[in-house]
Amino acid sequence: MTNILIQGFALSGLYALVAVGFTMIFSVGRVLNLAHGVFLMLGGYAYYSAVQVFGVSKGAGLVLAVLAGAAFGVLTCAILVRRLEHNPIAVEISTLILAVVMQAVIVVVYTSAPKSMWPIVSGVFRYEGVFVSHNILAAMVVSWIVLGGLLVFVRRTRLGRALRAVSMDRKGAIVSGVDPHRMSLATWAISGALAALAGVFFATYTQLTPGMWVAPLIIAVAVVVVGGIGSIVGSLVVAHLIGFMETVTTTLVAAELRGVFTMVLIIVVLIIAPKGLFGREEL
Amino acid sequence: MTSPLLELREVTKRFGGLVAVDRLSVHVDEGESLGLIGPNGAGKTTAFGILMGEQRPDSGRVFFRGEDVTRVPTHRRVARGIARTYQIPRPFGEMTVLDNIRVGMMPDSVRRLLTERPPEGADREIVRNVGFGEREAAMYPGQLSMGELRKLELARTLATGPEVLLLDEVFAGLTRGEIAQLSELLCEERRRGMTSILVSHDLRSLSPLVDRVVVMSFGAVIAEGGFDEVLGNPLVQEAYLGQA
Amino acid sequence: MQLARPLLGWLAFGVVMCLLPAFVSTGTVRILIFANFLAIFAMSWDVISGRTGYISFGHPFLIGIAAYTTAMLTYHLDTPLWLSIPAGVLATLVGGTLFFLPALRIRGTYFALVTLAFMELMYQLTQVIAPKITGGTRGLSGIPSLVSGAIPNYYLTFGLTFAIGLGLWFILRTRVGAALAALRMDEGAVAASGLSTIRLKLFAFMTSAAVAGVGGAFYVHYLGSIAPRGLFDINFLFTILVAALLGGSATVAGPILGAYFLTFLLEYLRPFLPGPERYVIYGTIALVVYVLEPRGLHAIAHAAVRRLRPSRASAAASP
């Protein structure tokens, strides 16, 4: 029981972090970024190269990964998404193609062999016979800090408020002097950075492979679809729903069925309540 | 007494907390031309949506020829003879004017669409009736003016073979000349015995086209009768002025 | 007559493709077999997504149902192929209904997500549920083939491609094609024109599923083996999607063109780039073409022909 609670919270925290950037992009630009999983993967590989190949310190590795994610986010937005902004389906298709291209790039650079990552925080937490790695606990803490920070950012800062304005009423925001293009660039940068950060933790939780982007993408889709696309609090709640269901399935039913619940949830919710369970569409 | 051709009876529709249509009862008799007017947000377009089955009322019923059609889906209502145009025209953008009209003429059966040849000539007759030439028939909606788009929408609606036309803001965004042309078309349809409900803000253009007027405000009927009689009603003046 | 020119085109296509094996190596013939399968899958995708605008990210799901059904029937029960292949197609129609249910309520980006979830769900379920029957992660191998050798398989697959292509072309040039196109442009306006959008969608989905089923069933009997990885896979989806989009969606020739183009692009890059770099180039080309001309090579070819013609006319006019 304690095991499920601790594992569940830790995993849910990680999943919330995985999904948050995806949600932001949808809120502000009304487009789904199917390359989101690739942003995570890039973060993971950037950290791996920096720390495990070039021997940079872990802290610097994290910073590098986050910067790489932000840069890739900006590039994707400026080169690809901006051209197709009026057509959400074209954005969805082109970001999916981009994801497959980036997967091929990773194979070229790093080969398709899986790489295992050293934990960012080593050690194992022991409590009443329950073992949880410090690493996943760290992921949970980071996720809480990031999400808390994001809520403050969106509500309190100028840029955050402008983003929120665009997500609620694009035309109104434009009329009051917000530049929507700069806003979407900013969103993609933040989303890329957060995804890369999540990717580092996600990769230490699983492993680095060129195909690793699919799983986090599905999680992000599930969190966002079920949480009502675009709601930060809704996403948080659903990340916990999925995280706990996965933990319960893994410990009590069968580890192989872990992902099944997520998929069934996406399908059922989209068929029964297409607007999600917390159907708001703003940040 | 014969029942009205089309009727909303005690219909209510809410959007969240907003009551768009509040126990609304409106009817139109066969061959009659009814003007539906009222300030912005009075619920006229919602009433059309409910008449067409595009929106489901929270309560109340819709009758066509005395039959309850509240649960009949849109395409079947069209088959029975109800058809509408939209305030913002909705042409099929990647099809020519003629092809747009042909969609309106299609039978509602995949088998017949597969096996039957399209009727010869009838499509071009509709094109001519609304005043399009061969040149316009081959044009795409993106090349048309607002007046021509409204004509296209009317043509596609007529192509479904309606008994009652619901016309939503047919004069909005048109020049004087275009309004005159479209009025002429509608008069022609009226002479042929077409029943219609017209929603418009342009009362001056509406007045020669309607037999009777219903005024809505906040989702309910506030006045009803002949055109001049209704406009003289202080309630109506208040609803309009209060809005302005 | 209107029919004559396109039919002549189909005839020319058929004749060229039938003569082709006499002029190319067996290796090329084997590549062409894959191109034929890809063409079938891309045509199937296009019937749902290109025509009606319901973007399917789960087509491997439909293909996989037929493939698994016929594979399991022949592997475990020794069912003859003439029975197992139709059974596979029938099973895919059930899958098509599963796709159809969400399409009653959602469209666009959301529909693509549900179908993606269907594919991922299938990927996980085939590995976990009854691995004795599905073969689990490793799949099934030693599945009987219909004909053996490159040339017979080529004619079999090309025959299928040609028949499906011509069949779809005949169906979609009727008013059904126009109705489906209208559905893509404005579903509400189609209903307001008196057409049942549900029945039109159902028709498109069932046609697409049937084609995917035929392709999937023959595909597994050609390969002789089946496994969840590689089949219920985003890369497989990517290839289908790109073939249809690159060639030109909402046309019949487009997906066929796209499938041959992609397959040969990949093959001709091989001598220069033997490694995985090929996939980068190939994906990038797909991305660039899609972003610059979402209507694909078909549209580019048309535009080129149109540009050539007036210039030829003016050249003839000036001495």
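So you know, we letter chains A, B, ... as the sequences are listed, proteins then strands, and number each from 1. These figures come from a predicted structure and were not determined experimentally.
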- Item | Interface moiety of C/E120 toward chain A, non-hydrogen atoms closer than 4.5 Å | both
- Part of C/L245 lying under 4.5 Å from any heavy atom of chain A: side chain
- More than 12 non-hydrogen atoms from neighbouring residues, nucleotides or ligands closer than 6.0 Å to CZ on C/F264, yes or no? yes
- Message: Minimum heavy-atom separation for A/I271 and C/P102, please, with both atom names.
- Response: CG1-CB, 3.7 Å
- Message: Looking at A/R82, I want to see if its CZ is surrounded by more than 12 non-hydrogen atoms of other residues, nucleotides or ligands under 6.0 Å.
- Response: yes
- Message: For A/L75, I'd like to know if atom CG has over 12 heavy atoms of other residues, nucleotides or ligands within 6.0 Å.
- Response: yes
- With side chains defined as the heavy atoms from C-beta onward, is the minimum distance between A/L96 and C/F238 less than 4.5 Å? no
- Task: Could you tell me which portion of A/I266 (side chain, backbone, both or neither) has an atom closer than 4.5 angstrom to a non-hydrogen atom of chain C?
- Result: side chain
- Query: What are the two closest non-hydrogen atoms of A/V101 and C/V280, and how far apart are they?
  - Reply: CG1-O, 4.2 Å
- Query: Considering the options C/L287, C/V242, C/I55, which one meets the side-chain contact (heavy atoms from CB on, under 4.5 Å) requirement together with A/I93?
  - Reply: C/I55
- Task: Examine whether an atom of C/L241 lies under 4.5 Å from a heavy atom of chain A, and if so say whether it belongs to the side chain, the backbone or both; otherwise answer neither.
- Result: side chain
- Message: To the nearest 0.5 Å, what is the distance between CD1 on C/I234 and CD on A/Q103?
- Response: 8.5 Å
- Query: Just how far is it from atom CD1 of A/I89 to atom CZ of C/R184, taken to the nearest 0.5 Å?
  - Reply: 10.5 Å
- Task: Might you work through the side chain to side chain contact (heavy atoms under 4.5 Å, CB included) test for A/V100 and C/Y279, ending with a clear yes or no?
- Result: CA-CA 9 Å; A/V100 175; C/Y279 293 91; over 6 Å; no
- Message: Would you compute the distance between atom OH of C/Y290 and atom CG of A/L84 and round it to the nearest 0.5 angstrom?
- Response: 6.5 Å
- Of the backbone (N, CA, C, O) and the side chain (C-beta and beyond), which part of A/V260 lies under 4.5 Å from a heavy atom of chain C, both, or neither? both
- Distance (rounded to the nearest 0.5 Å) between A/E92 CD and C/Y110 OH: 10.0 Å
- Message: Counting only non-hydrogen atoms closer than 4.5 Å, does A/V221 touch chain C with its backbone (N, CA, C, O), its side chain (CB onward), both, or neither?
- Response: side chain
- A/L34/C/F57 under side chain to side chain contact (heavy atoms under 4.5 Å, CB included): CA gap, chis, key distance, verdict: CA-CA 11 Å; A/L34 294 193; C/F57 278 175; 3.2 Å; yes
- Could you look at C/L237 and say if it's the side chain, the backbone, both or neither that has a heavy atom under 4.5 Å from chain A? side chain
- Message: Given heavy-atom pairs under 4.5 angstrom as the criterion, report whether the side chain, backbone, both or neither of A/I267 touches chain C.
- Response: both
- Message: How close do A/M263 and C/A117 get, counting heavy atoms only, and between which atoms?
- Response: CG-O, 3.1 Å
- Near C/R295 CZ, under 6.0 Å, is it more than 12 heavy atoms from other residues, nucleotides or ligands? no
- Rounded distance (nearest 0.5 Å) linking atom CG of C/L101 with atom CG of A/L270: 13.0 Å
- Item | Gap between atom CG of C/L116 and atom CG of A/L217 - 0.5 Å precision | 6.5 Å
